[in-house]
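Heads up: the structure comes next, in structure tokens.
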Amino acid sequence: MSQDLFELAGKTFSSRLIIGTGKYRSFDEMQAAHTASGAEMVTVAVNRVPLDREVESFLDYLSPQMQILPNTAGCYDAEHAIRTARLAREALETDWIKLEVIGDKITLLPDNEQTLAAAKVLVKEGFIVLPYFSDDLIMAKKLLDVGCPCVMPLAAPIGSGLGIQNPANLKIMREQLTNAIIIVDAGVGVPSDAAMALELGADAILMNTAIAEAGNSEQMAAAMNYAVKAGRLAYLSGRMPKRLYASASSPIEGAIK
């Protein structure tokens, strides 16, 4: 089987798992989990890290081979998100940005309209915008139309671990947006959630809490690595059709009578 590479905005990745940096109990634990995950892209919350690097932070424990994906976590309107993205570009020297504009402080659900407004500005400024939004097909189309190289629909609320709540929405998005890069983001809890996302046709998945809050983060990261690969391979293989009634595994023709 040939290597199944993942391409996004001109860069090629062998891993379809994107990992986060928050909630780990130690920097060493985070580093071990990152290695076990096989991930080649890592998100960094711009509003929650000392970008001047005057004090030790998780930035000092990131592999230099990983693509840093700054995110605008903690922003509640387009203007704040745009300022944060500009700060990230200056401090981290990258045009990549995970655009996250939250609409509610309790559920942490995204504000799709503010996300779209920020995306329009940032794309024009040359950013590679990876937008996090609700699993809404119409909003996905609008974000792609303004120049985002992918869309990042949620599976469930951030950090909830509930797994994919609306698999039909993700399946419809995959069928309607045949050429778009779809990265499932937020709400994954266990490896079977990750496998399901890839089985539904997602190109990649981003997760943080499911690994960071696991009893053994390193082992869970390894499990997620396997799950993503399994889900992707299953999607490429094509599942058998569902049937209402039984279908014998062994044919009757030629059987001993």
Side-chain angles (χ1 to χ4, degrees), residues 15-49 57-59 61-63 66-76 84 97-111 115 130-135 151-167 170 182-198 200 202 204-231:
S15 173
R16 293 173 180 270
L17 173 58
I18 304 170
I19 200 165
T21 50
K23 301 184 178 180
Y24 287 96
R25 289 162 284 251
S26 71
F27 296 143
D28 288 334
E29 180 187 53
M30 181 198 75
Q31 193 174 59
H34 284 186
T35 300
S37 74
E40 298 166 315
M41 190 185 309
V42 58
T43 60
V44 172
V46 179
N47 288 321
R48 297 167 185 164
V49 64
S57 74
F58 61 75
L59 290 175
Y61 290 78
L62 299 181
S63 167
M66 295 184 86
Q67 168 70 50
I68 290 182
L69 177 62
N71 72 56
T72 61
C75 295
Y76 286 84
T84 301
I97 192 75
K98 179 197 168 188
L99 178 58
E100 184 176 315
V101 185
I102 300 302
D104 179 72
K105 292 184 178 181
I106 297 176
T107 63
L108 298 182
L109 291 172
D111 185 324
T115 300
L130 284 62
Y132 164 71
F133 69 113
S134 299
D135 51 348
V151 287
M152 302 181 74
L154 57 76
I158 293 172
S160 67
L162 290 172
I164 298 173
Q165 295 299 290
N166 295 297
L170 296 179
I182 299 173
I183 302 173
V184 170
D185 183 15
V188 170
V190 290
S192 56
D193 298 330
M196 179 185 290
L198 275 290
L200 290 170
I205 188 166
L206 189 155
M207 65 183 74
N208 180 71
T209 307
I211 294 175
E213 290 192 353
N216 186 315
S217 295
E218 184 177 4
Q219 287 186 5
M220 183 61 79
M224 292 297 187
N225 187 4
Y226 290 129
V228 169
K229 291 176 180 177

Check whether any side-chain heavy atom of [X] sits under 4.5 Å from a side-chain heavy atom of [Y], and report yes or no.
X	Y	value
His34	Phe58	no
Phe27	Leu59	no
Ile158	Ile102	yes
Leu109	Leu154	yes
Val42	Ile18	no
Met207	Asp193	no
Val101	Leu99	yes
Lys229	Ser15	no

At what distance, to the nearest 0.5 angstrom, does [atom1] of [X] lie from [atom2] of [Y]?
X	Y	atom1	atom2	value
Leu69	Ile183	CG	CD1	8.0 Å
Ile164	Ser192	CD1	OG	9.0 Å
Leu17	Leu198	CG	CG	9.0 Å
Met30	Ser217	CE	OG	11.0 Å
Asp135	Asn166	CG	CG	5.0 Å

Check Ile182, Val188, Asp185 against Ile205 for a side-chain contact (heavy atoms from CB on, under 4.5 Å) and give me the one that passes.
->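 Single pass found, and it is Val188.
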
Without swapping roles, check the side chain of Gln31 against the backbone of Tyr61 for a donor-acceptor pair under 3.5 Å.
->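 Pair found, side chain donor or acceptor close to backbone of Tyr61.
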
Which atoms form the tightest heavy-atom contact between [X] and [Y], and what is the distance?
X	Y	result
Val184	Ala202	CG2-CB, 3.7 Å
Gly20	Thr43	CA-OG1, 3.3 Å
Arg25	Ala214	NH2-O, 2.6 Å
Ile68	Leu62	CD1-CD1, 4.2 Å
Ala36	Asn225	O-ND2, 3.5 Å
Pro131	Thr115	CB-CG2, 4.1 Å

For Leu162, which residues count as a side-chain contact (heavy atoms from CB on, under 4.5 Å) partner, sequence neighbours excluded?
->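 Per chain and number, Leu162 pairs via side-chain contact (heavy atoms from CB on, under 4.5 Å) with Ala156, Pro157, Ser160, Gln165.
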
Worked check of side chain to side chain contact (heavy atoms under 4.5 Å, CB included) between Ile19 and Met66 | CA-CA 10 Å; Ile19 200 165; Met66 295 184 86; 3.9 Å; yes

Decide if atom OH of Tyr76 counts as having more than 12 heavy atoms of other residues, nucleotides or ligands within a radius under 6.0 Å.
->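 Yes, OH of Tyr76 has more than 12 neighbouring heavy atoms, counting only those of other groups under 6.0 Å.
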
